[in-house]
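Residue numbers begin at 1 in each chain, while the letters A, B, ... track the order of the sequences.
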There are 2 protein chains.
Amino acid sequence: MYNPDATRATVDDVAQAAGVSIKTVSRVVNREPNVRAATRERVEAAITSLNYRPNASARNLASARSHIIALIYDDPSAYEAPSSGYVLSLQEGALRACRAANRELLIHPCDYRSRKVSEELQTLFAQTRPDGIVLAAPLSNMPKIVNAVKASGIPCVSLSPGRAKVPANAVVTNDQDICAEMTAYLASLGHQRIAFVQGDAKHKAVSNRFLGYLDGLSASGLARNDHYVVQGDSSIASGERGAEQLLSLPQPPTAIFAANDDMAAGVTRAALRRGVRIPDDLSVAGFDDSPLAQLVFPALTSIRQPSAAMAQRATQLLINPDDIDNGGSNVVPASIVLRESTGPIA
Amino acid sequence: MYNPDATRATVDDVAQAAGVSIKTVSRVVNREPNVRAATRERVEAAITSLNYRPNASARNLASARSHIIALIYDDPSAYEAPSSGYVLSLQEGALRACRAANRELLIHPCDYRSRKVSEELQTLFAQTRPDGIVLAAPLSNMPKIVNAVKASGIPCVSLSPGRAKVPANAVVTNDQDICAEMTAYLASLGHQRIAFVQGDAKHKAVSNRFLGYLDGLSASGLARNDHYVVQGDSSIASGERGAEQLLSLPQPPTAIFAANDDMAAGVTRAALRRGVRIPDDLSVAGFDDSPLAQLVFPALTSIRQPSAAMAQRATQLLINPDDIDNGGSNVVPASIVLRESTGPIA
DNA sequence: TAATGCGATGCTAGCGCTGTCATTCTGCTC
DNA sequence: GAGCAGAATGACAGCGCTAGCATCGCATTA
């Protein structure tokens, strides 16, 4: 049509050039065994010289596999929340694994609030027939979505499905432990009144963070005080509200740990507005290490979720299930990133 | 394999159920003309009852079209810059158009610094054979990339290609005009010393912003003063450096307009660190209306780039070239978003 | 030398759909 | 009511590849 070069080389051309049958070309391309080294080289030379690239559609049609991995995540544009870094990290990790294995990545932001999600997913699966599905949190905790994926029968790996017992087909992070660590770190700075801003209750993975906070308190010998626990909804605004509430307390906390960076940014804003200095008067910690953690002033101490690494691992698992045993664990550790917003008690 | 339901209905099944030939089913599915209403209904009923979904690979193989649109953008993970909102907006817009027209979107973050970009793109095109390519800025100003895309012969629409004369196959925004407007707005607040922090010089679209700034100055009767123009590189750090320099001037500016939000955030940080109050002592404006514009304190006045709308428009153009005349312009207007960081001179 | 076995290679039938062209059916006109 | 244009429908050949089986050839063994 448009491309003068559009009549690309096919297996037949390569076969002819190499003096073999198309089946042998196919064997070489797909790295199948039982091809003599000399033959293989001849075919490879032909492929190079003809600049042959297999046609994905033909391949998909003839074989059962589509060479496509679908990445399904919560549609960020359906949100107020601007935590876009998460989605991009997922994409980055999944793409890395796909490129390494010569697979295509199909992204599918999915609005779980929509009535027609199941149907929409069904259409997606039927049309593109991905070989595997990476289901990212928080969708991985939503029965409606999980069931729709299960019903398709397509192999699926969940990211942070948020169940107590980690299923085999899941990749998780040590969120609870790392939150305990963060809390203990704040305590080690001398803070005795450490508050927590909870995230959206629907996200199981997020509520683990609260459990970690409690673990950290007790590990540091601090008593739980429910006045220091407020409920947010993961938005910046809810962080601001939470901070207002906490800072109005007769004995306000000297450290606030928020279950995500957006809320921590909200806490920061509320504090700055009140003239509370950070970290002199108040330490603030977040979770996600989202881009904005570095952007707000002062830069946020946070917890880096290994989202990219998790997505990559999940994708690898789908492409090569044998990897399950093969070394790499399905628990990818998070890490604490220290910045300006936390410090010793003044 | 995995799916007991994997043996999905095919055209043959539908044809048999509806008592027509497969060709007629194909006509109905593809909305081709010359099908009697009664027949169409019968086929549609069969499709519904069998839950038939056409197999994309088979369709692609048989027709010349792949039903795939490729979105190519600068790989954000190759960057320091955390302005991820842009990429997600592009995806959002392109996806919206694709879903409406029942197309697949293939995303391709592309590291233009890599030596092998051209080859990489060639492989991408050969394997997936997209029907169209949306090439986002800043890649759309890079000859190496543009040429690789051109060489493929695949129809392409560029986003903000940054040429003086807007080519037909491009979607742009009125960036220069809107920057003039922002500058004039600052002047209207009483500011006489308005500074500008320039972005990465490589991005043609970004340098248009500077031209807009100059336009705005002269429209407001203010003289250009090169002491008030500093060069940044689009990063937060460069915004901080720029602000340091500007605020150290014997007659520091009372307003700083930065060519993107990251730099504006940097300006804000530098100002807060020096104890300069915003907007009482200094007005700050950015460009992009990235998520962080709302997150930093005080929230940034900025310019909202219609990235999603532009990507959507570009995708539509590729899917249905006739739209070119059909109403919708290829200039999608940007808009000013007023927030806390600008105000009248104190 | 002939029989045997197995690695290497080729042949052929589809995968599910669309494009082309042939054929059949309508509804009109005169 | 015959003739005809044009709409409606169908038959069939691929698209480029892979899977399954058939076949070939070489080295080993008796």
Side-chain angles (χ1 to χ4, degrees), chain A residues 1 3 6-44 46-47 50-68 102 104 125-129 131, chain B residues 1 3 6-44 46-47 50-68 102 104 125-129 131:
Chain A
M1 302 281 198
N3 186 359
T7 49
R8 298 203 69 87
T10 69
V11 263
D12 293 282
D13 301 324
V14 177
Q16 193 167 9
V20 298
S21 76
I22 59 168
K23 179 63 203 184
T24 300
V25 176
S26 172
R27 285 198 182 90
V28 171
V29 169
N30 295 301
R31 296 180 163 65
E32 285 173 25
N34 298 341
V35 178
R36 202 173 304 167
T39 312
R40 181 180 301 277
E41 277 163 25
R42 236 174 38 247
V43 172
E44 273 165 357
I47 288 177
L50 289 173
N51 195 21
Y52 167 74
R53 300 289 197 311
N55 177 319
S57 298
R59 193 204 281 246
N60 301 350
L61 181 58
S63 66
R65 285 157 303 141
S66 67
H67 299 260
I68 289 177
N102 203 23
E104 254 8 287
F125 299 151
Q127 288 196 165
T128 59
R129 312 194 185 200
D131 292 341
Chain B
M1 302 281 198
N3 187 359
T7 49
R8 296 204 69 87
T10 70
V11 263
D12 293 281
D13 302 324
V14 176
Q16 193 167 8
V20 298
S21 76
I22 59 168
K23 181 62 206 183
T24 300
V25 175
S26 171
R27 286 199 181 90
V28 171
V29 169
N30 294 300
R31 296 181 163 64
E32 284 173 26
N34 299 341
V35 177
R36 202 170 305 168
T39 312
R40 180 180 303 276
E41 277 162 25
R42 236 175 37 247
V43 172
E44 274 164 357
I47 288 177
L50 290 173
N51 195 21
Y52 167 74
R53 300 289 197 309
N55 177 320
S57 297
R59 193 203 278 243
N60 301 349
L61 181 58
S63 65
R65 285 157 302 142
S66 67
H67 298 260
I68 289 177
N102 203 24
E104 249 15 282
F125 299 152
Q127 288 196 164
T128 59
R129 309 191 189 203
D131 293 340

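Every residue two or more places apart in sequence or in another chain was checked for a side chain to side chain donor-acceptor pair (under 3.5 Å) with A:N102, and none qualifies. For A:T128, there are no side chain to side chain donor-acceptor pair (under 3.5 Å) partners at least two apart in sequence or on another chain. Residues that satisfy the side-chain contact (heavy atoms from CB on, under 4.5 Å) test with B:A62, not counting sequence neighbours, are absent from this structure. Under the side chain to side chain donor-acceptor pair (under 3.5 Å) criterion, B:R27 pairs with no residue at all, not counting sequence neighbours. In this structure A:D12 satisfies the side chain to side chain donor-acceptor pair (under 3.5 Å) test with no other residue, sequence neighbours excluded. For A:V11, the side-chain contact (heavy atoms from CB on, under 4.5 Å) partners are A:I22, A:V25, A:Y52, not counting sequence neighbours.
If you check distances only, the side chain of B:K23 never reaches the base of D:dA11 with a donor-acceptor pair under 3.5 Å.
Residues from residues 37-44 of chain B placing a heavy atom under 4.0 Å of any atom in DNA chain D, listed by number, are B:T39. In the region residues 28-36 of chain A, proximity to DNA chain C at under 4.0 angstrom, judged on heavy atoms, holds for A:N34, A:V35, A:R36.
Looking at which nucleotide of DNA chain D each of A:S26 and B:A58 is closest to, the 5′-most match is held by B:A58.
Extent of DNA chain C lying under 4.0 Å from chain B heavy atoms, first and last nucleotide in 5' to 3' order, is C:dG16 to C:dT20.
Rounded to whole angstrom, the span from the CG atom of A:N60 across to the C1' atom of D:dA19 amounts to 15 Å. Put simply, CG on A:L50 is 14 Å from P on D:dG16, counting in whole angstrom units. Counting to the nearest Å, the P atom of D:dT9 and the CZ atom of B:R27 are 8 Å from each other.
Rounded to 10°, the helix from C:dT1-D:dA30 to C:dC30-D:dG1 has 50° between the axis fitted to its first five pairs and the one fitted to its last five.
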Anything under 3.5 Å between a donor and an acceptor, one on a side chain of residues 35-42 of chain A, the other on a protein residue two or more places apart or in another chain? List them.
unit_1	atom_1	unit_2	atom_2	d
A:R40	NH2	A:E32	O	3.4
A:R42	NE	A:A18	O	3.0
A:R42	NH2	A:A18	O	3.4

